[in-house]
Amino acid sequence: MSLVERAGLAAMRRLDPETAHGLALRALSSGLAPLPRVFASDRLRCIVAGMRLANPLGLAAGFDKNAEALAPLARAGFGLVEVGAVTPRPQAGNPRPRLFRLPQDRAVINRFGFNNRGMQDALPRLADRPAGMVLGLNLGANKDSDDRAEDFARVLAACGAHLDFATVNVSSPNTEKLRDLQGKAALTALLARVMAARAGAGLTLPVFVKIAPDLDDAGLADVAEVALAAGVAGVIATNTTLARDGLRSPHRHEAGGLSGAPLFIRSTRVLARLSQLTDGVLPLIGVGGVASGADAYAKIRAGASAVQLYSALVYQGLSLVPRILTDLDALLARDGFASVSDAVGTGREDWL
């Protein structure tokens, strides 16, 4: 980490978290924030759901909700970048404060509620996306929508031509009853609508579904069955958790979704169970608590074809990206894997 980045992170920690995030995003968009060196290795190249990635490390949705920093993010060394969530209509989200740092736990709690400026605002920037980046969009539904399945379908139809993949987000805990869409019947109907919208728009891009880490075994079995039957490209496991086990930070009792280090074990167990249920047939993207090359490697060996991170950037900055990739490459070489794809699922049983 450079002195400039270290000083910038220290200054940001003195500000309200949401204000700090907004400033960081503006600094990145305007070219004022330093970008890390890019680490490349043939060992890290992989193909996930037909997408050719320079490496398996992605940026999770939530960092760039309105697709405002696509150009710098394309140069930051990620293998894939997911923006959003974007809803059909602009949405203010929940009242502030709604973002909380938990430094003792290396964690974050948020209850944003899909705040974004809507798909028509994001659309021109998505259409003008940088060449060469692998770009995805997290699809959201408006809080007051009478037909949330239609909301997902509308955003996909409007924006899909400018994307490499899309994610159906049915797992945010901050929109009332959204997680109800993870039930077998509801998820079957929802994904049928989304896949029909994809076909109707003449699109072929991969569609993922993002699930919560708080599903029980029966719920995970339902998700696996529905995802395989629906023809989605894969599952992103997982979103934030409502659990608060073992936290120490003063904000630990705030309502919302918990992300960061405390989520790692819970989300990785869900990932491994899904890998087992789908017998490795369905590509999985592992999210939750990734803050090091060892964390990324553990997710991959548990069954992830790629991983994503976000919360760790709050504490370690963008220089974390090449550090993770360098260490991941070394771990793969140490264990004799010629490519990252060869390691996928090789440690799954350790989590079951």
Side-chain angles (χ1 to χ4, degrees), residues 43-53 55-58 79-80 82 136 165-171 181-192 194-195 198 204-239 263-290 295-308 328 331-332 335-352:
R43 190 180 287 107
L44 296 180
R45 295 184 182 278
C46 53
I47 299 175
V48 179
M51 300 181 294
R52 294 185 177 274
L53 310 182
N55 65 69
L57 182 62
L80 65 161
E82 185 176 347
F165 69 97
T167 301
V168 178
N169 187 348
V170 292
S171 51
L181 294 175
Q182 294 176 120
K184 188 173 183 179
L187 187 59
T188 298
L190 167 62
L191 292 180
V194 171
M195 299 305 280
R198 185 185 74 159
T204 59
L205 78 165
V207 173
F208 291 82
V209 59
K210 188 170 187 176
I211 65 167
D214 305 320
L215 292 169
D216 59 18
D217 277 352
L220 287 174
D222 286 345
V223 166
E225 181 182 341
V226 171
L228 287 167
V232 298
V235 177
I236 299 181
T238 66
N239 212 318
L263 181 57
F264 180 79
I265 292 176
R266 178 183 292 263
S267 62
T268 308
R269 284 176 175 159
V270 168
L271 173 70
R273 180 63 176 142
L274 269 180
S275 178
Q276 180 188 52
L277 287 166
T278 59
D279 198 24
V281 170
L282 200 65
L284 306 176
I285 296 178
V287 198
V290 174
D295 293 338
Y297 189 44
K299 295 274 191 192
I300 289 163
R301 295 193 68 237
S305 296
V307 298
Q308 291 177 325
L328 174 60
L331 289 167
L332 290 165
D335 292 344
F337 292 113
S339 92
V340 65
S341 299
D342 294 339
V344 174
T346 56
R348 182 174 69 194
E349 300 304 318
D350 297 340
W351 292 92
L352 299 175

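Throughout, residue positions are numbered sequentially from 1 according to the sequence presented. Side chains included, hydrogens not; waters and symmetry mates left out as well; all remaining heavy atoms used.
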Margin query: If you compare all heavy atoms of Leu80 against all heavy atoms of Ala306, which two are closest, and at what distance to 0.1 Å?
Written below: CD2-CB, 4.5 Å
Item checked: Minimum heavy-atom distance Gly289-Phe264, with the two atoms named -> O-CD1, 3.7 Å
Check: Taking C-beta and beyond as the side chain, do Leu187 and Asp222 meet within less than 4.5 Å on heavy atoms?
Finding: no
Checklist line | Name of the residue among Val170, Val168, Ile236, Val235 meeting side chain to side chain contact (heavy atoms under 4.5 Å, CB included) with Lys210 | finding: Ile236
Item checked: Point-to-point distance, once rounded to the nearest 0.5 Å, from OG1 of Thr268 to CG of Leu263 -> 8.0 Å
Next item on the list: Taking all non-hydrogen atoms of both residues into account, name the closest pair between Ala166 and Leu205 and its distance.
Entry: N-CD1, 3.9 Å
Check: Roughly how far, to the nearest 0.5 Å, is CZ of Arg301 from CG of Leu331?
Finding: 10.0 Å
Note to self: Going by side chain to side chain contact (heavy atoms under 4.5 Å, CB included), name the residues that satisfy it together with Arg52, two or more places apart in sequence or in a different chain.
What the structure shows: Ile47
Check: Checking Ser339 side chain against Ser341 main chain: does a donor-acceptor pair fall under 3.5 Å?
Finding: yes
Margin query: On a heavy-atom basis, which atom in Pro56 and which in Val340 lie closest, and how many Å separate them?
Written below: CG-CG2, 3.9 Å
Anything under 3.5 Å between a donor and an acceptor, one on a side chain of residues 276-283, the other on a protein residue two or more places apart or in another chain? List them.
unit_1 : atom_1 : unit_2 : atom_2 : d
Gln276 : OE1    : Arg273 : NH1    : 2.2
Thr278 : OG1    : Leu274 : O      : 2.8

Item checked: Distance in Å, Leu332 CG paired with Leu44 CG, rounded so as to fall on 0.5 Å steps -> 6.5 Å
Next item on the list: Look up atom CG in Leu284 and atom NZ in Lys299, then write down how far apart they are to the nearest 0.5 Å.
Entry: 11.5 Å
Next item on the list: Search all heavy atoms of Phe208 against all heavy atoms of Ala49 and return the closest pair with its distance.
Entry: CZ-CB, 3.8 Å
Note to self: Quick check: do Phe165 and Val48 have side-chain heavy atoms less than 4.5 Å from each other?
What the structure shows: no
Margin query: Testing the basics here: between Ala227 and Val232, what is the closest heavy-atom pair and its distance to 0.1 Å?
Written below: O-CG2, 3.4 Å
Notebook entry, point to check: Can you check whether Phe337's main-chain N or O pairs, donor with acceptor, with Asp335's side chain at less than 3.5 Å?
Noted result: no
Note to self: Which residue in the set Ile300, Asp295, Val307 passes side chain to side chain contact (heavy atoms under 4.5 Å, CB included) when paired with Leu328?
What the structure shows: Ile300
Note to self: Any non-hydrogen side-chain atom of Lys184 less than 4.5 Å from a side-chain atom of Val226?
What the structure shows: yes
Check: Any chance CG of Leu228 has more than 12 other-residue heavy atoms, nucleotides or ligands included, within less than 6.0 Å?
Finding: yes
